[in-house]
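Keep in mind that the numbers below use all heavy atoms, side chains included, and drop hydrogens, waters and symmetry copies. Every number for a ligand or one of its atoms is a count from 1 in the order of the listing. Residues take their numbers from the sequence shown, with the count starting at 1.
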Amino acid sequence: MRLLLLAPPGAGKGTQARRLAQYYGIEDISTGALLRREVAGGTALGREATRYLDCGDLVPDELMLDMVVEAVTEADRKGGFVLDGYPRNLAQAEAAQQLARTHGIGIDGVVLLEVGQDELRRRLLRRGAGAESRSDDNIETIRHRLEVFESETRPLVAYFAARDLLIAVDGEQPVEQVTEDIVDRLAGRAVRP
Ligand code: AMP
């Protein structure tokens with residue numbers, strides 16, 4: 001199974017990626033987590049990326065590509081992946097399609113988690129106050145990350161719907177129900193062996 005996960009910050013991307021990876025026995029690749037690891041490790045990429053992460057802007061596309069190609073091709077060899085956090089804009093969507101073509105990787109679906117703006121803000125602020133707090137979970141950055149999603153990432157909904165890849169599910173349901181809906185919808189599609 002090869003999946004892309006598309007969702008605004010706070011919609012439960014990380015949680016659903018973990019659950020889907022476990023369910024299908026595939027790799028969970030989070031570009032946000034990969035970037036945070038680069039920052040923590042003080043690598044050249046991490047040093048470049050940190051200022052974008054801290055203010056909630058997208059890291060420039062050209063810094064993302066190598067990292068994504070490496071993670072995705074390796075996971076593909078092991079049997080599949082759920083890619084959480086990429087693509088985030090149209091240029092990255094084109095790059096992802098190109099990458100899939102070049103490496104013969106067929107995407108089985110693009111999962112969209114739909115959660116209303118008020119609920120997203122509530123969840124992000126709750127996370128910011130909790131043990132899993134991240135440097136970008138403060139009110140200013142949250143507002144900006146939600147704006148970036150609407151302006152940069154939201155157009156991908158139509159992009160993938162036009163390619164008959166979009167699976168939109170209600171992300172405000174209990175966690176288990178969200179996973180079940182995704183699995184049911186994927187089972188209803190013609191999935192490659
Ligand atoms: P996330 O953990 O998915 O919420 O991502 C956290 C931050 O990592 C984002 O606010 C961006 O700064 C950066 N990031 C993650 N994925 C991407 C991507 N595909 N393109 C650019 N920046 C990204």
Does L58 approach ligand 1 within less than 4.0 angstrom via side chain, backbone, both or neither, non-hydrogen atoms only?
both
Between D61 and ligand 1, find which residue part has any heavy-atom pair under 4.0 Å and reply side chain, backbone, both or neither.
neither
Does atom [atom1] of [X] have more than 12 heavy-atom neighbours from other groups under 6.0 Å away?
{"X": "I139", "atom1": "CD1", "value": "no"}
{"X": "Y24", "atom1": "OH", "value": "yes"}
{"X": "Q22", "atom1": "CD", "value": "no"}

Examine [X] against ligand 1 and note whether any of their N/O atoms are separated by less than 3.5 Å.
{"X": "S30", "value": "no"}
{"X": "A33", "value": "no"}
{"X": "R88", "value": "yes"}

Which residue and non-hydrogen atom of the protein lie closest to [atom], and at what distance in Å?
{"atom": "atom 23 (C) of ligand 1", "answer": "L35 CD1, 3.9 Å"}
{"atom": "atom 20 (N) of ligand 1", "answer": "Q92 NE2, 2.9 Å"}
{"atom": "atom 12 (O) of ligand 1", "answer": "D57 O, 2.6 Å"}
{"atom": "atom 4 (O) of ligand 1", "answer": "R134 NH2, 3.3 Å"}
{"atom": "atom 7 (C) of ligand 1", "answer": "L53 CD2, 3.3 Å"}
{"atom": "atom 16 (N) of ligand 1", "answer": "T31 OG1, 2.8 Å"}
{"atom": "atom 22 (N) of ligand 1", "answer": "V59 N, 3.0 Å"}
{"atom": "atom 2 (O) of ligand 1", "answer": "R36 NH1, 3.1 Å"}

Out of all atoms in ligand 1, which are within 4.0 Å of some heavy atom of G85? Include the element for each.
16 (N), 17 (C), 18 (C), 19 (N)
Side chains of Q173 and E180 only: does a donor on one sit below 3.5 Å from an acceptor on the other?
no
Do H144 and D57 have side-chain N/O donor and acceptor atoms under 3.5 Å apart?
yes
Decide, yes or no, whether a salt bridge links D28 with R18 under the criterion of side-chain N to carboxylate O below 4.0 Å.
no
Salt-bridge criterion met for R77 and E74 (N-O under 4.0 Å)
no
Hey, is the main chain of L65 close enough, under 3.5 Å, to the side chain of E70 for a donor-acceptor pair?
no
Distance under 6.0 Å and angle within 45° of ring axis: R163 vs Y159
yes
